Amino acid sequence: MAENTEAKIGVFVCHCGTNIAGSLDVKDVAEYAKTLPNVAYAADYQYMCSTPGQTMIKEAIEKHNLTGIVVAACSPRLHEPTFRIATKEGGLNMFRFEMANIREQNSWVHMHGMHDDATAKAKDQVRMAVAKAMYLEDLVPKAVPVEKAAMVVGGGVGGIQAALDLASAGITTYLVEKAPSIGGRMSQLDKTFPTLDCSQCILAPKMVDAGRHPNIVLLSYHEVEDVEGYIGNFEVTLRKKARGVMNPVEAAAKGIVGGGCNGCGDCTGVCPVIKPNAFEFGMAPRKAIYINHAQVVPLIYTVDFESCVKCGLCVEACGTKKAIDLEMVDEFPKYKVGTVILATGYDYIPIEEKREWGYKRHENVIHSLEFERLICASGPTGGHLVRPSDGVTPKAVGFVLCAGSRDNTGGVSKAYCSRFCCMYSLKHAHQIMEKIEGCKAYIFYMDIRSFGKAYEEFYYRIQNEGAKFIRGRVANILEDPDTKNLHVFAEDTLLGRPVDIECDLVVLAAAVQPIDGANVLRKKFGVSASADGWMLEAHPKLNPCGTTTAGVFLAGVCQGPKDIPDTVAQAEGAASAASIPIHIGHVELEPYFAQCMQDICAGCGMCIKLCPYSALDLVEKDGRTVMQVTEAKCKGCGTCGGFCPGGAIKMQHFTTPQIVAQIDAYLLGGE
């Protein structure tokens, strides 16, 4: 189509059924749009996002020779791409489109008794959008190549699944785990609900597959140190923590033929140092050179240098394998990847700070993961559930659900539901009734949330097996100093009276929270956090695996509480999304990046420290120091442009003339 010298704007106002039309007069807004300067065409339609609605846009561009399009409808997060494509198919550059959000920012917040005010506000929004559309420019997306490798941070079941999917798609995948072995929280569980499968029986094959897959580079005992770059070209610096033990590949690289750790365990047998085993929550001992459990992947021992006295006995025991290096230091390898998946999992809140329940004050109050280790055949007691205080088998066990979850009292409490606690507490009740004849299970709950496939049936099964359900929050737990038995004080809301239940053991279903260090890690990748601290997805419904940083994806509980099936499902979704740009070989970035007008840039560098995406640098050009933008890293947030004292930074699609035109349109009412 011929280039237009005068702005001709087309305005389309959507009814969105009654989402918009139920709170304001859509037809009045469309008629008002016809009176605005430079509006060549205006119309309203029931559903602008429908095929007929998009056809209206394309036909209007051709018929009225339009130079810009405004759609007044819902959030740009939903349908901006839809209307951009319609604009492009009509013959215009797709970035000559502007959207006015008259649903989320108007009709939905003015639903009752504000019809006239909402209509007036919609007119303001349309007028401002038209004012900006008059100054829109043709923009061209930037294409960048994508490195044919991916990185998964976190070696729990979600990270393992994501890595396996990526690797099976032919992509070199670096699986990074900060612990000495992969498996995460699932490797500490005994059984899984509702099928009661052995957790390690399910997980171990996946761990083995990840350890031997030709496309997976397993980087256990590594942490993310630094991140540079952008989608397609991330350069991640890892901290390879000093393990003190070499694997066969590392030994061969040092010329030790047939050397390296083979997992024989000779070293741990001679080690004189005994420490609490963190994997068993201190309920069992380990040596200063150790593995967490018999099924670890990789099967390589680790030296705890904080405990090691460097006596050298393990070196002697290792013999000709020469696998142990007590002078080993941290290293900092770099890896280039195209996309990244974060699957960092969860921790429990410090439940001891909820002092009313006595955790760490009363010996027989434990949390759920400690229960898992006590009931597990590979745990410190060989699967025989005993009380920590005296080793006696309990005959009455209380389970406190929502221990810190759904709690608005502040402190370490969390307002959200931790989601899988109800179900694993039901599982625990089944396990004690199955393993200990005559053992009573008391479940103190607020509401049972059995949300998944076959979960409700599992709930009924535990009821029928004889578990006692007491609806009400536990107010206090007191210990009998003589017997070490526990008195659980709660209100039974169904009976309408307080209760005092004497238990031998109490298990707290503690609330979950992001892992220690998650906040630092997410900032390295430019990922936002929600108000409750979990990593924030790009869109809760339409893009639950993506983030606002292109090329970085989320999987598992780091994004919010979820059970194993949902974690695995999200991991597969994240792997699929992360593989797309790698297989395509390049990615197009929206041209919403800053531009430095270097002829007026003073090179002060004040903008560089303000950039949250590290997209700005000072460079020498023609004998002058000026700012330069790495366009692929820039997100167009405008921080630098708003601060620049010389006005040398232009924000594409949000230029000063465009913003000023919107402000004038609002304040001057179109005059």
Side-chain angles (χ1 to χ4, degrees), residues 74-81 101 104-105 108 150-154 156 158-159 161-162 176 184 224 227 229-231 234 236 337 339-347 349 405-406 408 412-420 511-563 566-578 580-581 587 589-590 592 610-615 632-639:
C74 57
S75 167
R77 296 182 72 184
L78 293 176
H79 281 304
E80 187 174 54
N101 185 353
E104 283 85 347
Q105 295 179 356
W108 278 1
M151 179 173 286
V152 178
V153 182
Q161 185 64 54
V176 180
V224 175
V227 181
Y230 44 87
I231 180 174
F234 291 108
V236 184
V337 296
T339 55
V340 176
I341 296 175
L342 302 181
T344 52
Y346 70 93
D347 276 332
I349 63 170
S405 301
R406 303 175 65 198
N408 293 308
V412 299
S413 301
K414 304 299 180 182
Y416 52 78
C417 170
S418 292
R419 203 160 174 241
F420 46 82
V512 298
Q513 65 180 9
I515 63 164
D516 185 34
N519 204 40
V520 174
L521 177 68
R522 70 167 182 81
K523 288 180 179 178
K524 290 176 181 177
F525 286 99
V527 174
S528 301
S530 55
D532 49 25
W534 300 104
M535 294 185 191
L536 187 63
E537 66 282 354
H539 191 284
K541 296 180 178 64
L542 303 181
N543 192 3
C545 298
T547 69
T548 52
T549 297
V552 179
F553 303 89
L554 305 177
V557 187
C558 69
Q559 182 255 338
K562 53 182 66 70
D563 62 354
D566 284 357
T567 291
V568 172
Q570 189 180 22
E572 293 188 321
S576 175
I580 292 172
V587 63
L589 305 177
E590 289 190 338
Y592 292 170
L610 295 173
C611 179
Y613 301 102
S614 303
K633 295 172 71 174
C634 178
K635 304 301 176 187
C637 68
T639 303

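Since we're looking at a predicted model, the values are computed, not measured.
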To the nearest 0.5 Å, what is the distance between [atom1] on [X] and [atom2] on [Y]?
| X | Y | atom1 | atom2 | answer |
| --- | --- | --- | --- | --- |
| His79 | Cys74 | NE2 | SG | 5.0 Å |
| Cys545 | Gln559 | SG | CD | 8.0 Å |
| Asp516 | Leu521 | CG | CG | 11.5 Å |

Looking at [X] and [Y], would you say the former's side chain and the latter's main chain have a donor-acceptor pair under 3.5 Å?
| X | Y | answer |
| --- | --- | --- |
| Lys562 | Gly556 | yes |
| Gln161 | Ala575 | no |
| Ser418 | Val512 | yes |
| Lys414 | Asp532 | no |

* **Worked check of side chain to side chain contact (heavy atoms under 4.5 Å, CB included) between Tyr416 and Gln513** => CA-CA 10 Å; Tyr416 52 78; Gln513 65 180 9; 4.0 Å; yes
* Which heavy-atom pair separates Leu342 from Val527 by the least distance, and what is that distance? ->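 That closest heavy-atom pairing would be CD1-CG2, 4.2 Å.
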* **For Ala574 against Ala555, the heavy-atom pair lying closest together** =>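 What the structure gives for the nearest pair is CB-CB, 4.2 Å.
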* To do: For Phe525, enumerate each residue passing the ring-ring contact (aromatic ring centres under 6.0 Å, His included) test, keeping only those at least two apart in sequence or located in another chain.
  =>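 Once residues adjacent in sequence are excluded, Phe525 has no partner under the ring-ring contact (aromatic ring centres under 6.0 Å, His included) criterion.
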When you compare the side chain of [Y] with that of [X], does any pair of heavy atoms fall below 4.5 Å?
| X | Y | result |
| --- | --- | --- |
| Phe234 | Val552 | yes |
| Val153 | Lys524 | no |
| Trp534 | Arg522 | no |

* Residues two or more places apart in sequence or in another chain: which of them pass salt bridge (Lys or Arg N to Asp or Glu O under 4.0 Å) with Glu590? ->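 Testing Glu590 for salt bridge (Lys or Arg N to Asp or Glu O under 4.0 Å), a comparison that skips the adjacent residues, returns Arg84.
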* Asked: Tell me, which pairs form a side-chain hydrogen bond (donor to acceptor under 3.5 Å, both in side chains) where one or both residues lie in residues 541-553, sequence neighbours left out?
  ->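 Those involving residues 541-553 do not exist here.
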